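Following: one structure in structure tokens, then a few remarks.
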Amino acid sequence: MEINLISDTVTKPSAEMLKAMFNAKVGDDVFKQDPTINEFEQIVAELFGKEAALFFPSGTMANQTALKLHTNPGDEVICDKWSHIYLFEAGGAAFNSGISCQLIDGNRGMITAEQVKEVIKDPNNFHLPYSKLVSIENTTNRGGGACYDIEELKKIKQVCIENNLKFHLDGARLWNALIAKKQHPKQFGELFDTISVCFSKGLGTPVGSVLIGDKQTINRALRIRKVFGGGMRQAGYLAAAGIYALQNNINRLEEDHRRAKELGAILKTLSWVEEVEEIETNIVIFSVKFPLNDVQVMEKFKEKGILIYAIGKGKIRLVTHLDYKQVMHEYVLETLMKMSF
Ligand SMILES: *Cc1c(COP(=O)(O)O)cnc(C)c1O
């Protein structure tokens, strides 16, 4: 039994998901003739109360497309210092869109309307870049799966309206936030110009993200996806996995969240653990006591057949997911209780 808690991207499609994929009707999606992709895009758009949606091979490409949609070279996007779009997309903002990132020192990856207001540039001052876009993450990745308070998002939206800025949501793990906070996708559809959501994380499909917006924006996104090389042919097999995931794998995220909290509760009792960060969804981040370091702890877990992620500076990340079953969870809890250095 190998237990992989490195990420929620390590899941493999279940037999039932594979069956749904195998039975999909497909066509050439570059000509918009794949019926399963067309259906999937429509379902996702409607779920968020938006006009249109577009299927992407990755969350990175969906986010990078959003940056391109809302900016021109020389402009800036306002985002948290730990944002995936800044930190984990290989400098794509500069590479693809020629823009800079105005970083905000947020709390667990989350920024406030007040912080956004402070950094918006005066468009009449020709020395400064144009602020064009605010991008936020929900849940936060490097921030440990933290969820925004929707009231704060409404305030940021108001600041965007007052300053003529677009508002993008990197919702790679929005599904987790919806479950943890008992929210509806339409509450986010109302607030954002564009939203990207991943299907290959908590929802367990092998590939795929979707970008959601109004018709005109998504028509422009189609051209940008083409430029980025993201036009796919008979990709309806992948969309079928997405439809299956929407029907079967959302409510069960509750289990992932429960297990993450149980892991955190045990970790808090261990003498070699310094601090366990707040756990709201499926990500657990904890630090170990000096002189012990994260790599030593990772090695010890590995000896026990458990893969985890040492993220540096004495910190470790565990992510629960669809393929992390109850028997594995019980083994990990037991192993943790006995673990010493
Ligand atoms: C995983 C993730 C993405 C997209 O990553 P891909 O590997 O390109 O699918 C985007 N944003 C956040 C916050 C993520 O966690």
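Not measured: the values here are computed from a predicted model. When a ligand or atom number is given, it counts from 1 through the structure's own listing order.
Counting protein heavy atoms only, atom 11 (N) of ligand 1 is closest to D170 OD2, 2.6 Å. The protein atom (non-hydrogen) at minimum distance from atom 15 (O) of ligand 1 is K201 NZ, 2.7 Å. For atom 8 (O) of ligand 1, the closest non-hydrogen atom of the protein is T60 OG1, 2.5 Å. Annotation: atom 9 (O) of ligand 1 to nearest protein heavy atom, G59 N, 3.0 Å.
Applying the salt bridge (charged side-chain N to carboxylate O under 4.0 Å, His left out) test to residues at least two apart or on different chains, the pairs with a partner in residues 41-68 are K32-E41.
Scanning for salt bridge (charged side-chain N to carboxylate O under 4.0 Å, His left out) contacts around E39 gives an empty result, with sequence neighbours left out.
Between K154 and E151, at least one side-chain N (NZ, or NE/NH1/NH2) sits under 4.0 Å from a carboxylate O, which counts as a salt bridge. In this structure, R108 pairs ionically with E278, as a charged nitrogen and a carboxylate oxygen lie closer than 4.0 Å.
Of the heavy atoms in N141, only side-chain atoms (C-beta onward) come closer than 4.0 Å to ligand 1. Looking at N63 against ligand 1, only its side chain comes within 4.0 Å, counting heavy atoms. The proximity of M61 to ligand 1, defined as any non-hydrogen pair under 4.0 Å, does not occur for either the backbone or the side chain.
The E137 neighbourhood of ligand 1 comprises atoms 13 (C), with distances under 4.0 Å to a heavy atom of that residue.
Of the possible polar contacts, one joining the T205 side chain to the V207 backbone as a donor-acceptor pair under 3.5 Å is found.
On a distance-only criterion, T139 and ligand 1 share no N/O pair closer than 3.5 Å.
Partner of V134 under the side chain to side chain contact (heavy atoms under 4.5 Å, CB included) criterion, chosen from I111, L169, V77: I111.
When ring centroids are compared, F199 and W175 come within the 6.0 Å threshold.
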